[in-house]
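Just below is one structure, and these are the notes that go with it.
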2 protein chains.
Amino acid sequence: MSEDGSRAGERRPRRARPTMADVAAKVGVSRALVSLVFRNEPGASKETRDRVFQAAEELGYRPDSAAQMLARSRSKVLGVMLTVRNPFHADLVEGIYPVAEELGYDILLSAAAPTRDERKAVEALLSHRCEALMLLGPKLESRDLAQLAERIPVVVLGRRFPGVEVDSVHTAEAKGVRQVIDHLVELGHADILHIDGGRGAGSVERRRAYRAAMRRHGLADRIRVLPGDHTEESGAQAAATLLADRENLPTAVFASNDRCALGFLDFVWRAGLQVPDDLSVVGFDDSHLAHLSHIDLTTVRQDPDRQAELAVRVVVERLSGERSEARELVLDPKFVARGTTGPPPGRG
Amino acid sequence: MSEDGSRAGERRPRRARPTMADVAAKVGVSRALVSLVFRNEPGASKETRDRVFQAAEELGYRPDSAAQMLARSRSKVLGVMLTVRNPFHADLVEGIYPVAEELGYDILLSAAAPTRDERKAVEALLSHRCEALMLLGPKLESRDLAQLAERIPVVVLGRRFPGVEVDSVHTAEAKGVRQVIDHLVELGHADILHIDGGRGAGSVERRRAYRAAMRRHGLADRIRVLPGDHTEESGAQAAATLLADRENLPTAVFASNDRCALGFLDFVWRAGLQVPDDLSVVGFDDSHLAHLSHIDLTTVRQDPDRQAELAVRVVVERLSGERSEARELVLDPKFVARGTTGPPPGRG
DNA sequence: GCGCTCTACTAGCGCGCTCTAGTAGTCGCG
DNA sequence: CGCGACTACTAGAGCGCGCTAGTAGAGCGC
């Protein structure tokens with residue numbers, strides 16, 4: 001790369017972005033007036049407003065959010081931490097934007113990834129002056145979360161942190177799980193296996209609820225849990241394990257989430273099993289993957305739009321100082337029977 | 001929600017975040033010195049540095065990036081526009097972070113989604129003072145892109161915009177496609193169908209290259225293209241169409257990307273076909289979905305880390321004023337033969 | 001003509017930081 | 001002892017905006 005970087009920098013081929021002062025000068029009014037107009041505050045005549053907007057348009061003026069943040073104490077920015085690979089997070093993000101906009105907040109996204117841990121993602125949001133954080137299925141330790149929540153309002157989505165003083169919005173996992181097991185039992189299943197979600201969001205609750213539901217149906221001795229996590233890989237892994245011992249196949253499999261169910265399905269389809277004739281499969285989330293027509297996965301719907309909306313409202317409410325105690329919002333999930341479940345083999 | 005919002009706001013239960021002045025006061029030095037220390041500039045003694053860092057730690061001080069942006073002309077922020085649902089974008093984002101960090105840039109993510117179009121996503125990035133934009137597989141019109149590129153350095157990933165003066169980093173689609181067809185022909189295939197990628201990134205090139213490669217092998221009369229796009233749904237759709245007329249099945253299917261291939265696979269697996277015995281399938285991208293062990297998809301690797309790295313470097317180079325003409329970086333793709341391709345039926 | 005209110009606008013400080021142009025103090029050298 | 005060079009530090013302007021406290025002028029009643 002060339003050596004004349006500094007000279008080139010000074011040349012600044014591109015004009016710096018126009019400021020409020022430029023707009024004001026062009027219209028022939030004060031900066032303050034332009035500010036009023038852009039904040040949509042009363043105190044400017046209709047004609048002036050129009051002229052300001054037109055001048056701004058012509059100059060390509062765009063309010064500088066750094067300066068806005070600095071000037072008002074409120075930055076009006078919510079920070080969202082997500083895992084880019086998680087499709088359910090994608091659904092949540094899509095639900096967050098419109099509500100935030102409605103309430104006048106801007107959204108900043110920061111991704112956690114294998115090469116970028118959650119702390120780093122959160123750090124980035126903090127230094128960008130977010131007023132509050134929304135954490136999508138965080139895997140942080142409770143201690144770290146508690147510490148974070150002391151500094152800044154935090155809402156956690158899709159995960160419970162009992163004992164930590166943060167707002168949280170999540171699904172009543174147990175209810176959904178109970179409906180899954182009820183549905184399967186009703187169809188005639190007894191050998192219902194659960195693929196565990198490891199450290200994933202909601203896994204503990206789902207596993208516990210699975211055991212409880214099985215016991216309630218007098219199927220305590222049929223309880224069978226395979227280790228896994230929230231990835232396709234783990235579903236496939238579980239399928240491989242099961243197919244290695246065909247004598248001992250369950251008649252139904254309840255995966256800890258849709259991705260896991262999908263991995264499982266891919267594997268058994270490929271192995272030539274018929275779903276649901278040979279085996280029923282249920283997921284959890286109803287991510288957009290699940291209701292693709294060719295998958296048509298029986299699952300439990302966690303309404304992401306509603307979850308996102310509530311989370312935004314909860315955190316905004318907290319920001320406006322209307323509440324200081326933590327709040328836990330629990331949404332009812334909705335069981336969705338689709339094409340991957342049916343009567344067990346030999347009873348169809 | 002209660003009516004005393006403003007009063008509550010004034011009460012400010014949480015202390016406002018500490019500033020540089022607080023740190024300076026605590027150490028007993030000037031703000032400027034603290035600034036030096038945090039920017040890691042020479043001019044402060046080792047002991048002072050340590051004391052500053054310690055004081056900052058104790059106060060929980062964190063530089064305010066809004067103020068930083070405002071004060072230096074350089075914001076040191078790159079804006080990334082992505083589609084949250086796209087797994088290949090997730091791969092790219094993961095590749096972007098480390099390089100940006102190495103070069104001292106911060107990353108701001110903004111998502112396009114069905115409810116939030118690309119213009120809006122870009123607007124958000126612009127008002128957050130990004131110095132440059134990285135657009136992942138944008139679907140903008142060339143005109144809009146050109147207009148954008150006049151205001152701010154832009155690099156487009158995974159897509160060509162011939163005639164528009166922007167930097168771009170993409171794969172030599174044609175090369176990859178040629179290798180796909182070569183591979184299939186070598187295995188003995190002649191009836192190779194292509195599922196089109198619609199308006200998706202790279203689709204035009206892939207379709208054209210498919211036709212060209214088929215002709216090169218003297219298979220012009222076997223060319224067959226089914227409409228589709230870059231989603232699982234479209235792959236499944238194509239599969240449904242094909243299976244409706246079993247007499248007329250191709251022996252191999254080349255999907256426009258991995259997601260499409262996956263949807264296709266799911267459908268044909270489920271229908272009881274054996275892959276690759278009955279049908280070979282090839283994708284494009286080598287997204288992390290493809291190399292899941294149970295999918296084991298033959299595909300074309302577009303190295304996302306490398307693409308991400310180059311894109312960041314290209315845009316940073318442009319920012320430092322070392323170049324003003326647009327640059328197009330074309331990466332060689334790498335064909336990856338995996339388990340979804342084999343000899344055509346009747347020749348195995 | 002006076003005070004009053006109301007609309008339409010302006011002056012100017014301050015948000016938390018960066019950065020230029022400085023000032024002390026120390027050291028080495030002729 | 002004076003001078004330059006270097007280290008360690010500081011003063012203060014200014015980045016683009018929001019916002020408070022103001023003003024100028026019009027309209028109105030008495």
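Keep in mind that this is a model prediction, so the values were computed, not measured. Within every chain, numbering begins at 1; the chains are lettered A, B, ... in the order of the sequence lines, protein sequences first and strands thereafter.
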For DNA chain D, whose closest nucleotide is more 5', that of B/Arg129 or that of B/Ala44? B/Ala44

Measure CG/B/Leu36 against C1'/C/dG22 and give the value in whole Å, please. 13 Å

In terms of side-chain heavy atoms of A/Arg39, which of D/dC19, D/dC17, C/dG16 is nearest? D/dC19

Using modelled atom types and a 3.5 Å cut-off, is there a donor and acceptor pairing between side-chain atoms of A/Ser168 and backbone atoms of A/Arg160? no

Going by modelled atom types, is there a donor-acceptor pair between the base of D/dG18 and the side chain of A/Arg31 at under 3.5 Å? yes

Single hit among A/Leu136, A/Leu125, A/Leu109 for side-chain contact (heavy atoms from CB on, under 4.5 Å) with A/Met81: A/Leu125

Could you check whether any side-chain N or O of B/Arg129 sits under 3.5 Å from a backbone N or O of B/Val77, counting only pairs where one atom can act as donor and the other as acceptor? no

Looking just at side-chain N and O atoms, do B/Thr19 and B/Arg31 make a donor-acceptor pair shorter than 3.5 Å? no

Rounded to whole Å, the NZ-C1' distance (B/Lys76 to D/dC15) equals 17 Å

Nearest-Å distance, CE (B/Met20) to C1' (C/dG14)? 17 Å

Kindly say if A/Ser45 contacts the phosphate of C/dC9, meaning a side-chain N or O under 4.0 Å from OP1 or OP2. yes

Just how far, in rounded Å, is C1' of D/dC15 from CG of A/Asp22? 13 Å

Just call it for B/Thr48: base, sugar-phosphate, or nothing, with non-hydrogen atoms closer than 4.0 Å on any strand. sugar-phosphate

Is there a side-chain polar atom (N or O) of A/Ser35 under 4.0 Å from OP1 or OP2 of D/dC17? no

Searching all strands shown, indicate the nucleotide that pairs with D/dC3 (Watson-Crick or G-U wobble; both distances under 3.5 Å). C/dG28

So, is B/Ser30 close to the D/dT10 phosphate, meaning a side-chain N or O under 4.0 Å from OP1 or OP2? yes

Atom NE2 of B/His128 and atom C1' of D/dC17: how far apart are they, to the nearest Å? 15 Å

With a non-hydrogen cut-off below 4.0 angstrom, is B/Pro42 in contact with a base, only sugar-phosphate, or nothing? nothing

Taking A/Arg323 for the side chain and A/Val314 for the main chain, is one N or O donor matched with an acceptor at less than 3.5 Å? yes

When the distance from NZ of B/Lys46 to P of D/dA8 is rounded to whole Å, what number comes out? 12 Å

Atom CZ of B/Arg49 to atom P of D/dA8: distance rounded to whole Å? 9 Å

Taking only side-chain N and O atoms of A/Gln68, does any of them lie within less than 4.0 angstrom of OP1 or OP2 on D/dG18? yes

Per B/Ala71 side chain, nearest of listed nucleotides D/dC9, D/dG16, C/dC17: C/dC17

Indicate, with a heavy-atom threshold strictly under 4.0 Å, whether B/Tyr61 touches base, sugar-phosphate, or nothing. sugar-phosphate

Closest to the B/Arg72 side chain: C/dC19, D/dT10, D/dC17? C/dC19

Separation of A/Met69 atom CE from C/dG16 atom P, in whole Å? 14 Å

Under a 3.5 Å cut-off for both distances, is C/dC9 Watson-Crick or wobble paired, and to whom? D/dG22

B/Ser75 side chain to B/Met69 main-chain N or O, any donor-acceptor pair under 3.5 Å? no

